[in-house]
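Every chain is numbered from 1 and lettered A, B, ... according to where its sequence line falls, protein lines coming before strand lines.
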Amino acid sequence: MPADLVRRAQRGDHAAFEALARGSSDRLFSVARRVLGDPGAAEDAVQECLVRAWRDLRALRDPDRFDAWLYRLLLNACRDEQRRTRRRVTTVAFASIEAGAADQGLAAVPGRDELERAFATLSVDHRMALALHHFIGLRPGEIAEVLGVASGTVASRLHYGVRALRVALAKPASDVLHGNPER
Amino acid sequence: MTNDRLDHELGLWLGGPTDRLPETVLRRTFHVTARTRQRPALLASLGGTPTMRPSTTRLSATRPILVAAVLMLLLATALLLVGRLLEQRQVVIAPAPSVEVASDAPLSPEAAPTVRPGTVYRVPGSTAEFAMDLPPDWRVARDDETTGEGLRINTRYELVRFDPVPAAWVIVSVDRRPLEDVRMAMASEGWSGTPEAIDVPGLVGILLTAGPNTDLDPTALVAAEALTYRIAAHDSTTPNRGSFYVRDFLRRFTPLGIAAGEGAYRDDGWGFAFAYAASPTAFLPGVDIGAGTTRFAAADCGVDKERTCDRFVDVVRLPT
């Protein structure tokens, strides 16, 4: 992400910020969809993330870390969105794989339904760590920078997340459906 | 499922194709950011926004101390100011006057009770509680007609009217296409045809409503923003994306804040009751210029659905 765009946006240049936002929006949305499971909630989270980014852009000390900073704002927005919807949603239904995804064979992954339900039982922080790792392709050290936690914490979250998935997958589906979405 | 298999499938599943954020969301976002001021760096970081310093990603250890110091300073300043004000006896806290009405007050406009300034009613969360907490003069005669699908189409509430009316509330629905409705209303009065031209002496606020299926678009927000520079109240239905945007919008742009939150508009017509409760000194059962649920609300209050635009003008022309 060009640092000069960030600097211009920090000086109040809306066009620069729009360019930054457009360049990041699809990735943010993809991560939010995976973390929240609901496209509508993901849209809201991304909007909130971008609005906060604009409002607080001057707090970013290092323009080169704009992406990492944005992901952390997205995490906060996802947490808020999860809190907002928790009372209404007992389980997070992961977004259906669209036609484009089906073309790439993802719909054929065995046990995807179980995986979705099990994934929804993890906390937002765990889901975010897994999404950044598997979707964005960040290494634990990079995720640590994004989330503002120690590398060991990220490794622990990834390890725990996968382990929790294994446990959840071993349970009957009804237990997962009625379980607490936050752990 | 083996561990390796799980890792593999998780990677496949999470690592799918990039989703595309709808353009409408981006445009809505930019509409908001274009009207949002950037916060100074210190204020933003104090508000919890990560700073991402070049040397470290961890939060500074001095930040909590800084926050505490600033809070202490603010508290001391506030106490000092309050103390001085009290010392000079410039603070007068008067009890809110009550509504003087007969319990059997008729519903006709001629016999309408007078509501004094400063009266405040609590607005409980649910419609049922709200109905029970209505002042004794508040009579709601309800007569439902329903369609075969169970939708109320002719719920009628007879509402009391207040006289004198010191100011007017305009109820603007941001549901669907308010901008055009506003323009029509204003054009009929010879105004410029843009919402910005509304400048009515005594107009103290606008009640925004959002229906359960609201999906705001930037056009609606443009109209709302132009109209709501003095918003003091907001109602919405159950939490939904539309009401979220309205709330968010108001939180950012409304100097007076939001008088009350969601939950008071669950039933048709309650938006008006809500407006009354939020500011009875400045309320007139008014006009809904939207569609959907709020259109029924307009009918509930006796506003002819076919003439909502005219009535809009009537409201904003009220004498102060």
Top of A/A21, A/A53, A/S25 for chain B proximity - count of heavy-atom pairs under 4.5 angstrom: A/S25
Quick check: does any side chain N or O of A/S30 sit under 3.5 Å from a backbone N or O of B/D19, one acting as donor and the other as acceptor? yes
Mind listing the closest non-hydrogen atom pair of B/L21 and A/V46 along with its distance? CD2-CG1, 3.8 Å
Got more than 12 heavy atoms from elsewhere within 6.0 Å of NE2, A/H14? yes
Could you list which of residues 131-142 of chain A have a heavy atom closer than 4.5 Å to any heavy atom of chain B, in residue-number order? A/A131, A/H134, A/F135
If you measure from the Lys or Arg side-chain nitrogens to the Asp or Glu carboxylate oxygens, is any gap between A/E18 and B/R27 under 4.0 Å? no
Atom pair CZ/CG of A/R22 and B/L26 - distance to nearest 0.5 Å: 5.0 Å
Exam field: side chain B/Q38 to backbone A/A9, donor-acceptor pair closer than 3.5 Å: yes
Evaluation steps, side chain to side chain contact (heavy atoms under 4.5 Å, CB included), between B/F30 and A/Q47: CA-CA 9 Å; B/F30 294 146; A/Q47 166 161 324; over 6 Å; no
A/L147 portion near chain B, given a 4.5 angstrom heavy-atom threshold: neither
